[in-house]
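Letters go in sequence order (proteins before strands), and every chain restarts at 1.
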Amino acid sequence: MSRARNSSKGPLDYRELLIEARLRDVSRTVLVTGGKGGVGKSLIAATAALLLSRSNNRTGLLDLDLHGPSSCLILGVEDSPVEAEDGLIPPIVGGVKVMSVDLLSRGRPLPLTGRAKEEVVKEVLALTFYGRLDYLLVDLPPGTGDELLTVSRYVRRRGEAIVVTTPTTLSLQVAKRVIQILESMTLKIVGVLENMHAGGGSPSKELAREAGIEFLGAIPYDPSLDGRVGRLRPDELLSTRFAESLREILRQASYHL
Amino acid sequence: MHEFVIARGVVESLREFSLRTGRRVSSFRVLVGELSMLNLEVLGEALGRLVEESEVRGASFTVDVEPAEVGCGSCGHVMSFGEAVSELGEEEKEAIHFLPDLIASFTVCRRCGSHDLRVVSGRGVSVRDVTGTE
Ligand SMILES: Nc1ncnc2c1ncn2[C@@H]1O[C@H](COP(=O)(O)OP(=O)(O)O)[C@@H](O)[C@H]1O
Ligand SMILES: [Mg+2]
Ligand SMILES: [Zn+2]
């Protein structure tokens with residue numbers, strides 16, 4: 001897939017260079033991906049953002065799950081982005097600058113076709129003013145749809161992806177396909193992160209080995225989260241076993257924690 | 001107010017076009033989708049200022065509105081801008097102002113009630129008819 005450069009013939013897209021300039025201000029853009037829904041991508045992205053911010057990193061969270069935005073629900077974001085000369089300034093929760101279409105669509109469903117999704121992703125990237133960041137965590141929908149493809153086109157060199165899976169056969173199989181797509185886009189893959197580990201061996205290890213990528217570790221299933229996600233304050237979320245385990249894994253994987 | 005950001009993006013894209021093609025931009029046209037509900041005066045002023053401060057100095061331009069058409073995927077009905085936004089409040093218009101495709105979240109087809117709406121034209125901003133000299 002080639003970069004969608006403005007060609008001299010058709011109309012020029014004013015967003016291209018804005019997006020590139022915005023992403024140049026971000027040291028590391030981390031895409032949180034995975035094949036299936038419900039494997040914990042959003043909770044991992046939000047918690048990782050809080051952890052990084054807590055360790056004095058300038059951190060942003062971008063929710064690009066257009067059909068199932070959940071970053072704002074998990075972190076309890078209520079404020080709207082503010083319109084300023086530099087763009088839309090995201091609200092801050094637990095030190096993290098959070099942007100999501102949900103902050104504009106306010107819980108309404110988004111009936112978007114592929115083309116429209118691409119437009120929305122580009123607009124959000126072009127208009128959101130995060131300023132200088134050490135980390136931008138990007139929460140993505142399951143699979144390899146327009147959201148992932150569009151954002152990958154821009155972050156490419158600076159981008160890195162974490163593939164989240166649960167130990168189930170189905171999740172592992174779909175994760176494998178996601179890895180193939182990510183590799184084809186020459187995006188750096190940090191590794192496979194197993195979530196909701198139930199004890200015993202980690203089948204994701206095998207997946208990582210086969211794919212020739214890193215196995216980052218396994219986060220246990222944390223029953224203390226049941227029914228509480230979205231109600232926990234950032235500091236409460238950070239004191240769960242889930243967060244503790246994620247912190248350890250990210251630290252091992254060279255994130256500044 | 002994000003008219004300023006857009007103006008910056010437009011001028012950047014022209015500057016890059018000029019660098020890439022080795023041509024001096026002499027004129028261009030900015031087409032503003034009706035759905036984006038941008039303030040044309042603010043956008044025009046910001047463009048004028050940024051153009052003069054940049055490598056595309058001296059280029060002339062016009063800012064025109066592209067009428068919006070929102071099509072229904074279920075029944076094929078096509079709504080005009082007026083029809084599409086007629087029942088929306090300020091907050092909803094504000095959301096569409098940033099992300100024109102959100103029209104599908106806030107509006108239903110006037111004929112069949114479906115949310116399956118697509119913006120056919122008049123979405124956002126594009127830079128057209130760029131002419132340049134070698
Ligand atoms: N390790 C875990 N232990 C317990 N519950 C978890 C764990 N990881 C995620 N969850 C819960 O699982 C559900 C799905 O997680 P979510 O992050 O929304 O998945 P995804 O974004 O991949 O669709 C949420 O209710 C979340 O709180
Ligand atoms: Mg999610
Ligand atoms: Zn209809």
- line: Interface check, chain A: of B:Arg8, B:Arg29, B:Arg123, most non-hydrogen pairs under 4.5 Å belong to B:Arg123
- prompt: If you look at every heavy atom in A:Leu17 and B:Glu12, which pair is closest and at what distance?
  reply: CD1-O, 3.3 Å
- line: Residues of residues 90-116 of chain B with a heavy atom under 4.5 Å from any heavy atom of chain A, in residue-number order, are B:Glu91, B:Glu92, B:Glu94, B:Ala95, B:His97, B:Phe98, B:Leu99, B:Pro100, B:Asp101, B:Leu102, B:Ala104, B:Ser105, B:Phe106, B:His115
message: How about CZ on B:Arg24, more than 12 heavy atoms from neighbouring residues, nucleotides or ligands closer than 6.0 Å, or not?
response: no
message: Just so I understand: if I count every heavy-atom pair under 4.5 Å between each of A:Ser105, A:Ala116, A:Pro111 and chain B, which residue has the most?
response: A:Pro111
message: Looking at B:Glu41, I'd like to know if its CD atom is crowded, meaning that more than 12 non-hydrogen atoms belonging to other residues, nucleotides or ligands lie closer than 6.0 Å.
response: no
- prompt: Between A:Lys117, A:Arg108, A:Glu123, which shows the greatest number of heavy-atom pairs under 4.5 Å with chain B?
  reply: A:Arg108
task: Could you have a look at B:Leu31, B:Val119, B:Ile6, B:Leu14 and say which one has the most heavy-atom pairs with chain A under 4.5 angstrom?
output: B:Ile6
Interatomic spacing from OG in B:Ser126 to CG in A:Leu12 - rounded to 0.5 Å: 9.0 Å
field: Structural part of A:Leu112 lying under 4.5 Å from a heavy atom of chain B
entry: side chain
field: Straight-line distance of B:His2 NE2 to A:Asp86 CG, nearest 0.5 Å
entry: 13.5 Å
Over all atoms of both residues, closest heavy-atom pair of B:Val5 and A:Glu85: CG2-O, 3.1 Å
Region of A:Leu88 that comes under 4.5 Å of a non-hydrogen atom in chain B: side chain
- prompt: chain A: which of B:Val11, B:Val30, B:Leu117, B:Val125 shares the most heavy-atom pairs with it under 4.5 Å?
  reply: B:Val125
Chain B contact via A:Ala21 - side chain, backbone, both or neither, heavy atoms under 4.5 Å: neither
query: At a heavy-atom separation under 4.5 Å, does A:Leu18 approach chain B through its side chain, its backbone, both, or neither?
result: side chain
